[in-house]
Amino acid sequence: MTAVARYTQLILPVFWLGMVVAISFLEAPIKFRAPGVTLAIGLGIGRKVFLALNAVELVLALALLASCVAAPPDATALAVLALVTVVLVVQIAVVRPPLSTRSDRILAGEHLPRSRMHLVYIGLEVAKVALLIALIFQLFRAVASCLP
């Protein structure tokens, strides 16, 4: 069981990082430049994609936390995992609700000025990427020192 937990600690953060980079920094900005994609269509797609991404991220965070219970890494890795999880929870619980309300209003036909909350979400995504990279290095170091 410990070996499974250790390998889980190596694989899941890399997978998580790949998903965030692919969706947040490739798919999201590109979809608005695609021919025929209106603001309404882009917002509708974005809401669905980010809802799914955040759900998968929560599952990955929980699986990583469970693997750390089964095979505890060092305190630094645990702290970085806690920080990346906090960033994710803030995105979901604090930043997304006003962004969803704003997109509802835009989809209803309202013309609104640019939102700073979008920049907050992007900033948190950048922080999450940096933390995931740090987590990957910390867990790799911790796991490598424990494997035969």
Side-chain angles (χ1 to χ4, degrees), residues 1-34 37 39-107 112 114-148:
M1 181 64 170
T2 302
V4 171
R6 296 278 183 215
Y7 287 116
T8 298
Q9 292 170 9
L10 291 177
I11 295 167
L12 292 187
V14 174
F15 182 70
W16 187 354
L17 175 65
M19 289 183 62
V20 170
V21 169
I23 291 172
S24 297
F25 299 104
L26 290 175
E27 182 274 338
I30 290 172
K31 81 171 155 262
F32 288 102
R33 292 184 181 96
V37 175
L39 179 60
I41 291 170
L43 287 174
I45 292 168
R47 286 172 69 162
K48 295 281 188 189
V49 169
F50 278 93
L51 181 67
L53 172 64
N54 290 155
V56 172
E57 287 181 290
L58 281 174
V59 170
L60 291 172
L62 290 172
L64 273 169
L65 290 167
S67 75
C68 290
V69 169
D74 63 19
T76 304
L78 287 172
V80 176
L81 177 56
L83 284 172
V84 75
T85 303
V86 167
V87 168
L88 175 61
V89 169
V90 167
Q91 283 182 302
I92 293 169
V94 177
V95 180
R96 279 207 36 203
L99 286 175
S100 291
T101 300
R102 184 176 190 284
S103 65
D104 286 341
R105 292 172 62 192
I106 291 170
L107 291 171
L112 300 172
R114 293 187 74 85
S115 169
R116 289 198 174 140
M117 286 304 275
H118 198 110
L119 295 176
V120 171
Y121 194 91
I122 292 167
L124 289 170
E125 284 292 84
V126 170
K128 189 166 47 179
V129 165
L131 287 166
L132 284 168
I133 291 168
L135 180 62
I136 289 164
F137 281 105
Q138 285 298 320
L139 288 173
F140 181 78
R141 201 182 64 172
V143 169
S145 69
C146 294
L147 294 176

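Everything quoted here is computed from the prediction, not taken from an experiment.
Screening residues 77-96 for ring-ring contact (aromatic ring centres under 6.0 Å, His included), with sequence neighbours left out, gives no hits. For residues 13-24, no residue pair satisfies the salt bridge (Lys or Arg N to Asp or Glu O under 4.0 Å) rule, not counting sequence neighbours. Residues in residues 77-86 take part in no salt bridge (Lys or Arg N to Asp or Glu O under 4.0 Å) pair, two or more places apart or across chains. The stretch residues 129-140 participates, sequence neighbours left out, in no salt bridge (Lys or Arg N to Asp or Glu O under 4.0 Å) pair at all. Here side-chain hydrogen bond (donor to acceptor under 3.5 Å, both in side chains) pairs that include residues 75-87, with residues two or more places apart or in two chains, number zero. The stretch residues 77-99 participates, sequence neighbours left out, in no ring-ring contact (aromatic ring centres under 6.0 Å, His included) pair at all.
In this structure, CG in Leu12 is found 10.5 Å from CD1 in Ile136, a value given to the nearest 0.5 Å. Once rounded to the nearest 0.5 Å, the distance linking CZ of Phe32 with CD of Glu27 reads 8.5 Å. Rounded to the nearest 0.5 Å, atoms CG (Leu81) and CG (Leu65) are 4.5 Å apart.
For the pair Leu135 and Ala77, the tightest heavy-atom approach, listed with the atom from each and the gap, is CD1-O, 3.5 Å. The heavy-atom pair separating Ser67 from Thr8 by the smallest distance is CB-CG2, 4.0 Å. Of all heavy-atom pairs between Leu64 and Gln9, the closest is CD2-CA, 3.9 Å. Of all heavy-atom pairs between Ala22 and Leu26, the closest is O-CB, 3.1 Å. Listed here is the closest heavy atom pair of Ile106 and Leu112: CG1-CD1, 3.9 Å.
Under the side chain to side chain contact (heavy atoms under 4.5 Å, CB included) test applied with Met117, the options Ile122, Val95, Thr101 reduce to a single match, Val95.
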- Item | Test log, rule side chain to side chain contact (heavy atoms under 4.5 Å, CB included), inputs Trp16 and Val56 | CA-CA 8 Å; Trp16 187 354; Val56 172; over 6 Å; no
- Step by step, work out the side chain to side chain contact (heavy atoms under 4.5 Å, CB included) result for Val120 and Val94. CA-CA 10 Å; Val120 171; Val94 177; over 6 Å; no
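Looking at residues two or more places apart in sequence or on another chain, you find a side chain to side chain contact (heavy atoms under 4.5 Å, CB included) between Leu78 and Cys68, Pro73. Checked against side chain to side chain contact (heavy atoms under 4.5 Å, CB included), Phe15 has the following partners two or more places apart in sequence or in another chain: Met19, Leu60. In this structure Arg141 satisfies the salt bridge (Lys or Arg N to Asp or Glu O under 4.0 Å) test together with Asp74, sequence neighbours excluded. Every residue meeting the side chain to side chain donor-acceptor pair (under 3.5 Å) condition with Arg105, not counting sequence neighbours, appears here in chain and number order: Glu110.
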Could you tabulate the donor-acceptor pairs under 3.5 Å formed by side-chain atoms of residues 40-52, not counting sequence neighbours?
| from | atom 1 | to | atom 2 | distance (Å) |
| --- | --- | --- | --- | --- |
| Arg47 | NH1 | Ser103 | OG | 3.1 |
| Arg47 | NH1 | Asp104 | OD1 | 2.5 |
| Arg47 | NH2 | Asp104 | OD1 | 3.0 |

Can you give the donor-acceptor pairs under 3.5 Å from side chains of residues 123-131 to other protein atoms, not counting sequence neighbours?
| from | atom 1 | to | atom 2 | distance (Å) |
| --- | --- | --- | --- | --- |
| Glu125 | OE1 | Gln91 | NE2 | 2.6 |
| Glu125 | OE1 | Lys128 | NZ | 2.7 |
| Glu125 | OE2 | Ser24 | OG | 2.2 |
| Lys128 | NZ | Glu57 | OE1 | 3.2 |
| Lys128 | NZ | Glu57 | OE2 | 2.6 |
| Lys128 | NZ | Gln91 | OE1 | 2.7 |

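Counted within 6.0 Å of CZ on Phe25, heavy atoms from surrounding residues, nucleotides or ligands total more than 12; the atom is thus considered enclosed.
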